[in-house]
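Here the structure is a predicted model, which is why all the values come from computation and not from measurement.
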Amino acid sequence: MEIRCLFPLKVLDANFSVWGPRAVGIKLMKRELGFINLSRKGCDVGRDSDDYFKSSPRPAGKELPPNYKLNQQFGSWIKYPGSETMLMVNHEYAVEEADKLVKTGQIDLVSFGRPFIYNRIVLFG
């Protein structure tokens, strides 16, 4: 995967070296993307978690409102009539929450990587 991204990553790195990462962005032109992933890392998801799963705080002045719904804010930019691009989300989704979002058509995919990695380390580590 990284080989396919090598050119755009090199262009980004060159721009970062001149202007810094806070002044650089990417505008995607019309493409038929399989999916776009929205990660809610740094969002207060409205439930307690242990130290392992605790979200990293966002920088001062960049905090998000409690229970911020990233997919509700930006999902319609990805899932609109005629769009074939799927919306994937991740970061601290409960199975029940993800199931409801899929069944109501708000998202298409969700990844649960960290809980499975965590369980493997605890159980087999």
Side-chain angles (χ1 to χ4, degrees):
M1 180 63 154
E2 190 170 311
I3 293 295
R4 290 184 279 172
C5 296
L6 189 58
F7 177 72
L9 291 174
K10 291 286 186 184
V11 171
L12 281 174
D13 288 342
N15 281 284
F16 291 162
S17 70
V18 175
W19 292 289
R22 301 285 298 162
V24 177
I26 294 178
K27 179 179 181 183
L28 295 175
M29 295 188 298
K30 185 176 180 180
R31 295 284 185 255
E32 294 181 17
L33 298 174
F35 66 92
I36 293 177
N37 181 42
L38 294 180
S39 177
R40 66 181 184 185
K41 185 174 173 97
C43 294
D44 174 3
V45 297
R47 66 175 181 274
D48 293 330
S49 59
D50 62 25
D51 288 338
Y52 184 82
F53 288 103
K54 189 173 284 186
S55 290
S56 303
R58 295 179 58 84
K62 304 291 183 187
E63 299 88 358
L64 295 171
N67 296 314
Y68 183 67
K69 307 290 187 204
L70 186 68
N71 60 300
Q72 289 177 359
Q73 180 76 32
F74 297 104
S76 63
W77 295 6
I78 300 162
K79 292 183 63 66
Y80 54 86
S83 173
E84 294 184 21
T85 302
M86 293 183 289
L87 173 56
M88 182 168 106
V89 297
N90 69 2
H91 198 73
E92 295 189 39
Y93 279 86
V95 173
E96 298 80 17
E97 177 185 17
D99 188 51
K100 179 181 175 185
L101 292 171
V102 169
K103 286 180 178 175
T104 59
Q106 295 179 56
I107 65 170
D108 300 297
L109 307 163
V110 63
S111 63
F112 296 101
R114 190 161 43 160
F116 292 104
I117 294 168
Y118 178 74
N119 288 336
R120 179 163 174 84
I121 291 169
V122 171
L123 296 174
F124 305 108

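Phe112 and Ala98 get closest at one heavy-atom pair: CZ-CB, 3.7 Å.
Distance check: Leu38 CG to Trp77 CH2 gives 10.0 Å after rounding to the nearest 0.5 Å. Remark: Asp108 CG to Phe35 CZ distance equals 11.5 Å, nearest 0.5 Å. Atom CD of Gln106 sits about 7.5 Å away from atom NZ of Lys100, to the nearest 0.5 Å.
Neither Leu109 nor Tyr93 shares a network with the other; the hydrophobic side chains, linked directly or stepwise wherever heavy atoms of I, L, V, M, F, W or Y lie under 4.5 Å apart, form separate groups for each. By the criterion of side-chain heavy atoms lying less than 4.5 angstrom apart, applied directly or through intervening Ile, Leu, Val, Met, Phe, Trp or Tyr residues, Phe74 is not grouped with Tyr80; the two fall into different hydrophobic clusters.
A 6.0 Å sphere centred on CZ of Phe16 holds more than 12 heavy atoms belonging to other residues, nucleotides or ligands.
Between Asn71 and Leu101, the closest side-chain pair of non-hydrogen atoms falls below 4.5 Å.
For Asp99, the side-chain contact (heavy atoms from CB on, under 4.5 Å) partners two or more places apart in sequence, or in a different chain, are Lys103.
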Extract all donor-acceptor atom pairs below 3.5 Å that involve side chains of residues 81-90 and protein atoms in other chains or at least two apart in sequence.
unit_1 : atom_1 : unit_2 : atom_2 : d
Ser83  : OG     : Ile78  : O      : 2.9
Ser83  : OG     : Thr85  : N      : 3.3
Thr85  : OG1    : Leu33  : O      : 3.0
Asn90  : OD1    : Ser39  : OG     : 2.9

